Amino acid sequence: KIDVAVGTHPHEDHIGSLDDIINTFNIGKVYMPNVSHNTQTFLDVLTAIKKKGLKVTSPVAGEYIDFDTDTKVQILAPNSEKYDNLNDYSIVIRLEYGNTSFLFTGDAESVSEQEIVSKKYNLNSDVLKVGHHGSTTSSSLAFIKAVSPKYSIISVGKDNKYGHPDSIIINRLKMFGEVLRTDESGTIIITSDRNEITAEKKASAIKENAPPEET
């Protein structure tokens, strides 16, 4: 069972195969931002949700998602109804488990990051899923300072044509802790026992960057 499935935003590299996950598992709730996209991938996800008799829950910044007493999950973004860039609709979530904490950012860029910082949410987190694959459009200095991650995880395809991650962002993240990248390590698994965090590197082979889907 998956209690909560989050499609951060409609880009295919973030919701690709989400339809298979919804079709395969018992899903409690599905969160997706209130924005659509004209791709087959997005349509497939909506179709899977409908077939399962589920409904899409829109995120409300500041609200908590119900979990057990050891786990607190707060939605931090999006904070506006309209953005020029689809990435800024990304659902951003901070999760506390015991004395450990995680921040998941989707592709949220500096516009959304500035909104999050201005809301004065508690951003300090042990583990950061780095925004937009390590691009300079995300991971603004004020945001990273507020997070101060011990581990920064960058999900990025090997030899991708976009030049992700950027060396400026890598150096910025290294000021605070260790940087782990899927293009160098393959799958990375972070485990928490409520008090300590361990990082398993090279949990699976490195995979080539998938080509973008045609719109």
Side-chain angles (χ1 to χ4, degrees), residues 1-78 86-87 89-108 121 125-131 133 151 153-155 157 180 182 185-205 207 210 213:
K1 180 185 177 182
I2 295 176
D3 295 300
V4 177
V6 180
T8 57
H9 62 298
H11 281 154
E12 61 274 6
D13 60 326
H14 287 258
I15 60 166
S17 294
L18 182 55
D19 55 327
D20 290 333
I21 291 169
I22 292 167
N23 288 328
T24 303
F25 293 93
N26 178 14
I27 307 292
K29 237 179 181 182
V30 179
Y31 280 86
M32 293 176 72
N34 189 22
V35 63
S36 60
H37 198 35
N38 57 340
T39 61
Q40 188 61 47
T41 299
F42 183 68
L43 180 60
D44 289 344
V45 172
L46 295 184
T47 301
I49 291 169
K50 187 176 180 180
K51 279 183 178 178
K52 272 289 188 81
L54 298 167
K55 292 182 179 180
V56 174
T57 300
S58 296
V60 177
E63 286 195 353
Y64 286 86
I65 299 173
D66 289 336
F67 263 90
D68 61 67
T69 53
D70 277 343
T71 310
K72 291 182 180 179
V73 183
Q74 187 179 23
I75 299 169
L76 306 184
L86 199 59
N87 288 337
Y89 286 93
S90 290
I91 298 175
V92 176
I93 284 178
R94 183 175 182 272
L95 182 149
E96 286 184 17
Y97 178 59
N99 296 315
T100 60
S101 51
F102 304 76
L103 188 65
F104 304 96
T105 61
D107 271 348
Y121 295 119
S125 302
D126 298 308
V127 179
L128 169 67
K129 201 295 294 182
V130 177
H133 318 285
Y151 293 99
I153 316 299
I154 301 177
S155 176
L180 302 174
T182 59
S185 299
T187 299
I188 298 159
I189 297 176
I190 303 292
T191 306
S192 167
D193 65 359
R194 295 184 179 85
N195 294 304
E196 299 292 333
I197 286 174
T198 56
E200 180 187 352
K201 307 165 193 177
K202 300 184 184 298
S204 77
K207 296 180 180 179
E213 181 182 68

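On a predicted model such as this, the values are computed, not experimentally measured, just so you know.
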As an exercise, state the distance from [atom1] of [X] to [atom2] of [Y], rounded to the nearest 0.5 Å.
X      : Y      : atom1 : atom2 : value
Ile153 : Leu180 : CD1   : CG    : 4.0 Å
Thr41  : Asp19  : OG1   : CG    : 7.5 Å
Glu12  : Gln40  : CD    : CD    : 12.0 Å
Leu95  : Phe104 : CG    : CZ    : 6.0 Å
Ile27  : Leu18  : CD1   : CG    : 7.5 Å
Gln74  : Ile93  : CD    : CD1   : 10.0 Å

Worksheet, complete the sentence: For Val6 and Val4 the tightest heavy-atom approach is CG2-CG1, 3.9 Å
Should [X] and [Y] count as side-chain neighbours, where that means a heavy-atom distance under 4.5 Å?
X      : Y      : answer
Ile22  : Leu54  : yes
Val35  : His9   : no
Arg94  : Val73  : no
Asn87  : Tyr89  : no
Ser125 : Phe102 : no
Asp126 : Tyr151 : no
Glu96  : Phe67  : no
Ile21  : Ile2   : yes

Worksheet item: Counting heavy atoms not belonging to Glu196, are there more than 12 under 6.0 Å from its CD?
Response: no
Fill in: More than 12 heavy atoms from other groups under 6.0 Å of NZ on Lys50
no
Practice prompt. Determine, stepwise, if the pair Ile190 / Ile197 fulfils side chain to side chain contact (heavy atoms under 4.5 Å, CB included).
Written response: CA-CA 7 Å; Ile190 303 292; Ile197 286 174; 3.5 Å; yes
Is a donor on one side and an acceptor on the other found under 3.5 Å between the side chain of [X] and the backbone of [Y]?
X      : Y      : result
Thr105 : Lys129 : yes
Ser185 : Lys201 : no
Ser17  : Asp20  : no
Ser90  : Asp107 : yes

List, one per line, each side-chain donor-acceptor pair under 3.5 Å for residues 56-66, sequence neighbours excluded.
none

Item to complete: For Asn34, check side chain to side chain donor-acceptor pair (under 3.5 Å) against everything at least two apart and list the hits.
Response: none
Worksheet item: Between Thr100 and Arg194, is a side chain to side chain contact (heavy atoms under 4.5 Å, CB included) present by the stated rule, with each step listed?
Response: CA-CA 6 Å; Thr100 60; Arg194 295 184 179 85; 5.9 Å; no
Worksheet entry | Carboxylate-amine/guanidinium proximity below 4.0 Å for Asp3 and Lys29 | no
Discussion item. Go through it in stages, so that I can follow the logic: the residues are Ile75 and Val92, the test is side chain to side chain contact (heavy atoms under 4.5 Å, CB included), and I'd like the CA-CA distance, side-chain angles, deciding distance and then a yes or no.
Written reply: CA-CA 6 Å; Ile75 299 169; Val92 176; over 6 Å; no
Fill in: ring-ring contact (aromatic ring centres under 6.0 Å, His included) partners of His133, counting only residues at least two apart
His14
